[in-house]
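Notes to accompany the following structure.
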Amino acid sequence: AVGTYYTDTLGTNGAWRWFKVSSGTGTSRWTVVFGDTGPRKITGEYLKSGWTPYYAGIAPQISRVGNTVFLSGPVLRSADADYSTLIFDLPEGLRPRFQSNALPLLQITAGANANNGIVLEPPTGVSVRYGPGFGGALPANNAYRIPMTSWYTKDPWPATLPFSPA
């Protein structure tokens, strides 16, 4: 019945407590009210365009707690990088609620690299990219640090956990 709570005693995919929001069958009728995916590493197979950690063995991490997604990362670099180079895709379950404009996560505001930064860009799916925005030179070592940030999602809880466990 609508208004019913369900507790998943196994915490499947980090989802522990569910609430039935509409009648009928299927998981789309339920929403997670308490869940935590735990940290997930975005490792080599998920990094695009030659991106690698600047310091070996340290990968970006992402997690979802309730409807908030958290992203933090090390310094990444790519010899193949140029403006607006894809770093990694965000799978369903971790995408921001907004669906129109890019959201800057980090922008360099002074020096030769002014206006470079990392953005969430939601055209068709949501991707994390870096680019100059309005111009500016690339850093000499093509290295960028992904800042710690978070955003709200209305995506359904992930049916399978993306990326690798941290």
Side-chain angles (χ1 to χ4, degrees), residues 7-18 27-28 30-99 101-108 113 116-133 138-166:
T7 301
D8 181 341
T9 58
L10 298 177
T12 307
N13 293 329
W16 292 91
R17 185 88 161 148
W18 296 77
T27 57
S28 65
W30 293 84
T31 188
V32 173
V33 293
F34 179 76
D36 184 346
T37 63
R40 311 292 297 172
K41 288 191 309 188
I42 304 167
T43 54
E45 70 253 34
Y46 302 108
L47 294 172
K48 309 291 186 187
S49 306
W51 286 98
T52 59
Y54 192 79
Y55 303 104
I58 303 174
Q61 291 190 10
I62 196 164
S63 64
R64 178 173 172 178
V65 178
N67 286 333
T68 304
V69 177
F70 298 92
L71 171 67
S72 63
V75 176
L76 296 174
R77 66 177 167 193
S78 173
D80 302 327
D82 59 12
Y83 299 125
S84 296
T85 299
L86 176 66
I87 300 174
F88 60 88
D89 292 314
L90 287 172
E92 188 173 347
L94 300 176
R95 296 176 179 162
R97 179 174 187 228
F98 66 90
Q99 293 294 315
N101 298 322
L103 172 67
L105 301 180
L106 167 70
Q107 184 172 10
I108 300 167
N113 301 316
N116 285 345
I118 298 175
V119 298
L120 285 175
E121 242 182 323
T124 51
V126 179
S127 300
V128 178
R129 298 180 182 267
Y130 93 95
L138 293 172
N141 61 1
N142 276 358
Y144 280 84
R145 184 180 193 292
I146 296 176
M148 179 177 267
T149 191
S150 62
W151 58 86
Y152 178 76
T153 185
K154 287 192 79 170
D155 277 2
W157 198 261
T160 57
L161 293 178
F163 308 120
S164 306

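Among all heavy-atom pairs drawn from Leu47 and Pro53, the shortest one is CD1-CD, 4.3 Å. Taking every heavy atom of both residues into account, Thr153 and Arg95 meet most closely at OG1-O, 2.6 Å. Nearest heavy-atom pair, Trp151 versus Leu94, reported as atom, atom and distance to 0.1 Å: NE1-O, 2.9 Å. Between Gly35 and Trp157, the shortest heavy-atom distance links the atoms C-CH2, 3.4 Å.
The shortest distance between side-chain heavy atoms of Leu71 and Ile42 falls below 4.5 Å. Looking only at side-chain heavy atoms (C-beta outward), Lys41 and Pro165 stay at 4.5 Å or farther from each other. The shortest side-chain heavy-atom distance between Thr37 and Pro162 does not fall under the 4.5 Å cut-off. Using a 4.5 Å cut-off on side-chain heavy atoms (C-beta onward), Trp16 and Asp8 make no contact. Between Ser72 and Pro60 the shortest side-chain heavy-atom distance does not fall below 4.5 Å.
Within 6.0 Å of the OH atom in Tyr55, the count of heavy atoms belonging to other residues, nucleotides or ligands does not exceed 12.
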Side chains of residues 62-70: which donor-acceptor partners sit under 3.5 Å, not counting sequence neighbours?
residue : atom : partner : partner atom : Å
Arg64   : NE   : Gly66   : O            : 2.7
Arg64   : NH1  : Gly93   : O            : 2.8
Arg64   : NH1  : Asp155  : O            : 3.2
Arg64   : NH1  : Pro156  : O            : 3.2
Arg64   : NH2  : Asn67   : OD1          : 3.0
Arg64   : NH2  : Asp155  : O            : 3.1

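Tyr46 and Phe88 have their aromatic ring centers separated by at least 6.0 angstrom.
In this structure, CD1 in Ile87 is found 4.5 Å from CH2 in Trp51, a value given to the nearest 0.5 Å.
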